[in-house]
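Just below is one structure, and these are the notes that go with it.
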Amino acid sequence: MVLILLVAIPLLVHTTKGGNAENAGSHFEMLGSCRMVCDPYTTSQPGQQLTAVSPPPQDYSGKKLKSGFRGPPGIPGPQGARGPPGEPGKPGPQGPVGPGPGGYSPSLYTPKIAFYAGLRKQHEGSEVLKFDDVVTNVGNYYEPSTGKFTCPLPGIYFFTYHVLMRGGDGTSMWADLKKNGLVRASAIAQDADQNYDYASNSVILHLDVGDEVCVQLDGGKVHGGNTNKYSTFSGFLIYPD
């Protein structure tokens, strides 16, 4: 390529000068130096198209490049297949101690204890009132044949009683609530120009296992009322120790 340019330039200048003799009005002359221009295309043969030659890729090895911006997250893929079942869990803690010879464990388990009973038969004199018309007896700790509640669990209990006096003869009636034979509450009804009057009271007691609670008549007459429940006795556990 270089050799062709070196030969062609003097010939072009010579031809231009020769033409001046024939035409004085025209004069062309190439001045300046010659530069070689690199051809980015490969030399083509006749009938062959020119093809571009890509420059070799730059080598960025060993250079610290600036990180670009993080693109948006892609669309979540489909749900995978169900995996195998896991290992069985550890056994749970031991349950609370139930009722039995060892009693209850009040810190873990609170039993339900409650009763309510009415008086069917008439009573008089000085005797324990046997409230034999039982309506509620959760735990079966009230015994209607004796009229006594026996404590199965130490704690705080509530008791209440209502006794209808059978009057008409000018006498009075007293009814005491007793714990283990000791009076813990008393009530009185007086016959003052009427045939009937009520004696009632309530109490909150701390009981230990085996303690007994009952209502005892201490003089006078009590009206039973068959199933009408004019006279009643009830109690329940508030909370255990």
Side-chain angles (χ1 to χ4, degrees), residues 88-165 173-189 197-241:
K90 297 181 180 180
Q94 185 176 0
V97 180
Y104 294 95
S105 179
S107 61
L108 299 176
Y109 175 72
T110 301
K112 297 176 177 61
I113 302 173
F115 73 94
Y116 167 65
L119 192 67
R120 291 179 179 176
K121 299 178 181 180
Q122 297 181 359
H123 292 69
E124 62 179 70
S126 179
E127 59 181 345
V128 176
L129 299 180
K130 299 176 179 63
F131 296 85
D132 50 357
D133 187 9
V134 177
V135 178
T136 303
N137 196 5
V138 179
N140 293 321
Y141 300 112
Y142 172 75
E143 177 53 55
S145 62
T146 62
K148 296 181 179 180
F149 168 81
T150 303
C151 175
L153 176 69
I156 302 298
Y157 290 79
F158 173 83
F159 298 96
T160 185
Y161 64 99
H162 306 276
V163 179
L164 178 62
M165 180 192 70
M173 181 200 69
W174 294 265
D176 301 325
L177 186 142
K178 293 185 177 182
K179 169 188 171 183
N180 298 333
L182 300 177
V183 177
R184 290 293 178 263
S186 297
I188 184 173
D197 193 11
Y198 263 106
S200 61
N201 211 335
S202 302
V203 65
I204 296 177
L205 296 175
H206 178 271
L207 301 182
D208 292 318
V209 176
D211 286 348
E212 294 181 343
V213 178
C214 64
V215 178
Q216 184 171 351
L217 187 63
D218 190 18
K221 300 176 183 179
V222 177
H223 184 69
N226 297 322
T227 59
N228 293 323
K229 301 176 186 60
Y230 296 126
S231 301
T232 60
F233 179 36
S234 59
F236 57 87
L237 171 69
I238 298 177
Y239 59 86
D241 287 348

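Residues forming a side chain to side chain contact (heavy atoms under 4.5 Å, CB included) with Glu127 (at least two apart in sequence, or on another chain): His123. Applying the side chain to side chain contact (heavy atoms under 4.5 Å, CB included) rule to Thr160 yields the partners Phe158, His162, Ser202, Ser234; only residues at least two apart in sequence or on another chain are considered. Here Thr136 pairs with Tyr116, Val138 under the side chain to side chain contact (heavy atoms under 4.5 Å, CB included) rule; sequence neighbours left out. Legend: residues meeting ring pair (Phe, Tyr, Trp, His ring centres under 6.0 Å) with Phe149, ordered by chain and number and at least two apart, are Phe115, Tyr157, Phe159. Asp208 meets the side chain to side chain contact (heavy atoms under 4.5 Å, CB included) test with Pro154, His206, Asp211; sequence neighbours excluded.
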### Task
Please report the C-alpha distance between Ser145 and Lys130 in whole Å, then the side-chain angles of each, then the deciding distance to 0.1 Å, and finally whether the side chain to side chain contact (heavy atoms under 4.5 Å, CB included) criterion is met.
CA-CA 6 Å; Ser145 62; Lys130 299 176 179 63; over 6 Å; no

### Task
With side chain to side chain contact (heavy atoms under 4.5 Å, CB included) as the test, would you mind laying out the steps for Lys229 and Val135 before giving the verdict?
CA-CA 10 Å; Lys229 301 176 186 60; Val135 178; 3.3 Å; yes

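The shortest heavy-atom contact between Gly147 and Cys214 is O-CB, 3.5 Å. Closest approach of Tyr161 and Val163 over heavy atoms only: CD1-CG2, 3.8 Å.
Thr150 places no side-chain N or O within donor-acceptor distance of the main-chain N or O of Tyr141, the cut-off being under 3.5 Å. Between the Tyr142 side chain and the Phe233 main chain, no donor and acceptor come within less than 3.5 Å of each other. Under the 3.5 Å distance criterion, the side-chain polar atoms of Asp133 are left unmatched by any main-chain donor or acceptor of Ala117.
Expressed to the nearest 0.5 Å, how far CG of Leu153 lies from CG of Asp241 amounts to 7.5 Å. For the atom pair Ile156 CD1 and Ile238 CD1, the distance stands at 7.0 Å (nearest 0.5 Å). Atom CD of residue Glu143 and atom CG of residue Asp132 lie 11.0 Å apart, to the nearest 0.5 angstrom. In this structure, Asn140 CG and Ile113 CD1 are separated by 11.0 Å, a value rounded to the nearest 0.5 Å. To the nearest 0.5 Å, the span separating CG on Leu129 from NZ on Lys121 amounts to 13.0 Å.
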